[in-house]
Number of protein chains: 2
Amino acid sequence: MTARRSDATRAAILRAARERFAADGYERATIRAIAADARIDPSMVMRYYGSKEGLFAAAAEFDLRLPDLHEVPEDQLGETLVRHFVDRWESDDRLVALLRTASTNPGAAERMRAVFAGQLGAAVARLDPDPAAAARRAGLVASQILGIAFTRWIVGLPPVVELTPAQLVAWVAPTVQRYLTGPTPDTITP
Amino acid sequence: MTARRSDATRAAILRAARERFAADGYERATIRAIAADARIDPSMVMRYYGSKEGLFAAAAEFDLRLPDLHEVPEDQLGETLVRHFVDRWESDDRLVALLRTASTNPGAAERMRAVFAGQLGAAVARLDPDPAAAARRAGLVASQILGIAFTRWIVGLPPVVELTPAQLVAWVAPTVQRYLTGPTPDTITP
DNA sequence: GTCTATAATTCGATAGAC
DNA sequence: GTCTATCGAATTATAGAC
């Protein structure tokens, strides 16, 4: 299969779509605006991706690219993961698009669950022999990672925005480390 | 000023609006749907609240009702705060409405910043004499609290949804405790 | 492959009768 | 105070010319 000329158009559409979905969310990111950004006609978007849902599905396809946690010294798991996520988030607006859109679009929320329960859950599952406990640890890690992403890139809470990546890693890594390798805490019966 | 009959209508509108905004977000929650839920005519919403923005502003008005942190033993700050937020979140869908809407509506994001930088920031400011450090601590606390809320009530990540409130407090309280009272970590220069 | 024209909805907001 | 009727704008999506 040779490279068709339309591939450039498809790529331009996807790039514009990612930016618009990341900046405006699903409802406010219109096909017209995306087409204008990509300098093409709105009908081309429909031709190539069928519908707005189809365009979003193509634009939000991505991989967390998690490192193999077995090659990481156990006491550096938290730092490694937090650094990885911060880097990943700063360099790929697909994650921001998915995050912003997951609040109102059921399909995006489902994708978000699949990514974090799937990719992160699988990586963590190899650290804890008990599947339920491993899933719980992965969920707690996701809560802190997504909380940072939400406050920093979506809401824009000033103190969180102003943290440097190094400060972010230094503060948050111990949290993730404890969620991954710390003992299950006692729960007080009320 | 005596109670007017229209007060019941206004209250019904606000209740329906909170539910719709919490469930659907700002764009998908239509005035027509809210009016139908409240069993009144859509034009009444406009008459009472002027615009959709005005309705949202009225529906999302709320207070975190933070306890006075000075009356809490220092080593129980994390537990107290996490328990408070979990209770608050489960019993008031205004917070869910604001959270879901903050992703796409700039006004809601601004409100969210005001609430967490203001109310939470003020409560934490009295624990740390350095204003910048206190703001940073409050921001980190917000990141974990909002991360739990986002994964549990918005995205619905299964392992986080399945945690009982007691488990949630037991796991997350140490994180918040460290953000509030722990030492500032060293940052490695890259 | 690309674009024009338009269909078919849906929404927020307004005017005015009762 | 409440409701009917409707405007004007914006959207996704389709049909078809070139």
Side-chain angles (χ1 to χ4, degrees), chain A residues 1-60 97 100-101 103-108 111, chain B residues 1-60 97 100-101 103-108 111:
Chain A
M1 173 167 339
T2 68
R4 294 163 298 180
R5 194 176 49 204
S6 61
D7 287 346
T9 304
R10 301 181 88 102
I13 293 174
L14 277 189
R15 187 157 36 84
R18 281 197 293 267
E19 288 176 8
R20 281 285 178 178
F21 282 130
D24 300 336
Y26 186 82
E27 284 82 11
R28 297 168 101 103
T30 66
I31 290 183
R32 292 165 138 84
I34 291 167
D37 288 351
R39 305 288 193 89
I40 50 97
D41 191 89
S43 65
M44 300 302 298
V45 178
M46 303 299 298
R47 179 173 177 85
Y48 285 142
Y49 295 99
S51 68
K52 188 178 178 178
E53 281 284 346
L55 173 62
F56 177 78
R100 178 165 262 133
T101 305
S103 295
T104 51
N105 186 267
R111 173 82 58 100
Chain B
M1 177 175 325
T2 69
R4 293 161 299 179
R5 194 175 53 202
S6 61
D7 287 347
T9 303
R10 300 181 88 101
I13 293 173
L14 276 189
R15 187 156 36 85
R18 281 196 294 266
E19 288 176 7
R20 281 284 177 179
F21 282 130
D24 301 335
Y26 187 83
E27 284 81 11
R28 297 168 100 104
T30 65
I31 289 182
R32 291 166 143 86
I34 291 167
D37 288 351
R39 305 291 194 87
I40 51 97
D41 191 88
S43 65
M44 300 303 297
V45 177
M46 302 300 298
R47 179 171 179 83
Y48 285 143
Y49 296 99
S51 69
K52 188 178 181 180
E53 281 284 348
L55 173 62
F56 177 78
R100 177 163 263 132
T101 304
S103 296
T104 52
N105 186 268
R111 173 82 58 101

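Protein chains get the first letters and strands the later ones, always in sequence-line order, with residue 1 at the start of each. Every heavy atom of this structure was used, including side-chain atoms; hydrogens, water molecules and symmetry mates were not.
Residue Y26(A) places none of its side-chain N or O atoms closer than 4.0 Å to OP1 or OP2 of dT11(D).
Nearest nucleotide to the S51(A) side chain, out of dC3(C), dG1(D), dA13(D): dA13(D). Side-chain atoms of K52(B) lie closest to dA13(C) of the nucleotides dT11(D), dG1(C), dA13(C). Closest to the side chain of M44(B), out of dG1(D), dA13(C), dC3(C), is dG1(D). Nearest nucleotide to the side chain of M46(B), out of dA13(C), dA13(D), dT4(D): dA13(C). Of the candidate nucleotides dA13(C), dG1(D), dA13(D), dG1(D) has the atom lying nearest to any side-chain atom of R47(B). When each of dA13(C), dT4(D), dT2(D) is scored by its nearest atom to the side-chain atoms of Y48(B), the top-ranked nucleotide is dT2(D). Residue D41(B) places its side chain closer to dC3(D) than to any other of dT14(D), dC3(D), dG12(C). For R32(B), counting side-chain heavy atoms from C-beta on, the closest listed nucleotide (dG12(C), dT4(C), dG1(C)) is dG12(C).
No contact: Y49(A) has no heavy atom under 4.0 Å from any strand. Counting any heavy atom pair closer than 4.0 Å across all strands shown, T30(A) reaches sugar-phosphate atoms only and no base atom.
Atoms CD (E27(A)) and C1' (dA10(D)) sit 15 Å apart, rounded to a whole Å. I31(A) has its CD1 atom 18 Å from the P atom of dT9(C), to the nearest Å. The nearest whole Å value for the distance from the CG atom in D24(B) to the C1' atom in dC11(C) is 15 Å. The distance from atom CD1 of I34(B) to atom P of dC11(C) is 11 Å, rounded to the nearest whole Å. The CD1-P distance, from I40(B) to dC3(D), rounds to 8 Å in whole Å.
With hydrogens and angles disregarded, no donor-acceptor distance shorter than 3.5 Å links the side chain of R100(A) to the backbone of G25(A).
Annotation: side chain of E53(B) is in contact with side chain of N105(B) (closest heavy-atom distance under 4.5 Å). Using a 4.5 Å heavy-atom cutoff, the side chains of D37(B) and I13(B) are not in contact.
Residues S43(A) and R28(A) both approach DNA chain D. Their nearest nucleotides, taken by heavy-atom distance, put R28(A) toward the 5′ side.
Using modelled atom types and a 3.5 Å distance limit, the side chains of E27(A) and T104(B) yield no donor-acceptor pair.
Here the shortest heavy-atom pairing between A59(A) and A17(A) reads CB-CB, 4.1 Å.
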